[in-house]
Amino acid sequence: PNSAYLSGRDDFIANMGLHDDSEQTITVKFGERGIYSFDDLTVYAIPMDGFPQKIEALGKDRLSNLVLGNDTVTGSISLGNSKILCMPIPYSKGWKTYVDDNRVTTYCINEQYIGAVIPEGRHSVRFCYNTPLKKEGEILSLFGLICIAVIFVLQKRKS
């Protein structure tokens, strides 16, 4: 019951690391004794051939003219085809994304970063952050101050 994996998630990925030779066995060890069950256990071996070239290719389509402001990140990008732009900024529901000043869906990428689908062509991209429920909090605070002022005035009149 105290397991970190009892979070409602069903699927997990474990990186077993990089090996120079082809591994023939994998040993899975659990931190605590218990009964464990799996619906499915799959091992993927991803070849690292051409890895530097793949990383270099990924770096070609990136946000340029990057400007970091207070709660905003802006830049421009030119793409040969539609792609997902992933920004290494922690995801929160307060992020909004605009492509050429048109609002688009902001996604949680890799379970932690903000991102958006950017269509083919040259575009300006803007990520803006607004604290969720900030306006509602400001309105309630203002209402509370008005109530305090009314009570203060009423108390003055009474005495």
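Nothing here was measured: the structure is a model prediction, and the numbers come from that model. Position 1 is the first residue of the sequence, and the numbers go up from there.
- Expressed to the nearest 0.5 Å, how far SG of Cys128 lies from CZ of Arg103 amounts to 10.0 Å.
- Remark: Lys134 pairs with Thr131, Glu138 by the side chain to side chain contact (heavy atoms under 4.5 Å, CB included) rule, at least two apart or across chains.
- Listed by chain and number, the hydrophobic cluster partners of Val153 come to none, as no ILVMFWY side chain reaches under 4.5 Å of it.
- For the salt bridge (Lys or Arg N to Asp or Glu O under 4.0 Å) condition, no pair includes a residue of residues 141-159, sequence neighbours left out.
- Thr97 and Ala116 make their closest contact through CG2-CB, 3.6 Å (heavy atoms, listed as atom of the first residue, atom of the second, distance).
- By the side chain to side chain contact (heavy atoms under 4.5 Å, CB included) test, Val117 is found to be paired with Ser82, Ile84, Tyr107, residues two or more places apart in sequence or in another chain being considered.
- Annotation: side chain to side chain contact (heavy atoms under 4.5 Å, CB included) contacts of Val28 (sequence neighbours excluded): Ile26, Phe30.
- Using a 4.5 Å cut-off between side-chain heavy atoms of Ile, Leu, Val, Met, Phe, Trp and Tyr, Ile146 falls into a hydrophobic cluster with Leu142, Val150, Leu154.
- No more than 12 heavy-atom neighbours from other residues, nucleotides or ligands sit within 6.0 angstrom of CZ on Phe143.
- Residues Leu63, Leu66, Leu68, Ile77, Leu79, Leu85, Met87, Ile89, Tyr91, Trp95, Val99, Val104, Ile114, Ile118, Val125, Phe127, Tyr129 make up the rest of the hydrophobic cluster containing Val73, defined by ILVMFWY side-chain heavy atoms closer than 4.5 Å, directly or through other members.
- Grouped with Ile35 in a hydrophobic cluster is no other residue, since no side-chain heavy-atom contact under 4.5 Å to another Ile, Leu, Val, Met, Phe, Trp or Tyr is found.
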Acceptor/donor pairs from residues 37-55 side chains to any protein atom, 3.5 angstrom cut, sequence neighbours excluded:
residue: Asp40; atom: OD2; partner: Thr42; partner atom: OG1; Å: 3.2

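- Heavy atoms only, all atoms of each residue included: Cys108 and Glu111 are closest at SG-C, 3.5 Å.
- Contact between Ser78 and Arg122 at its shortest, heavy atoms only, is CB-NH1, 3.7 Å.
- Applying the side-chain hydrogen bond (donor to acceptor under 3.5 Å, both in side chains) test to residues at least two apart or on different chains, the pairs with a partner in residues 55-73 are Asp61-Lys83, Ser64-Ser76, Asn65-Ser76.
- Applying the salt bridge (Lys or Arg N to Asp or Glu O under 4.0 Å) test to residues at least two apart or on different chains, the pairs with a partner in residues 87-101 are Asp101-Arg126.
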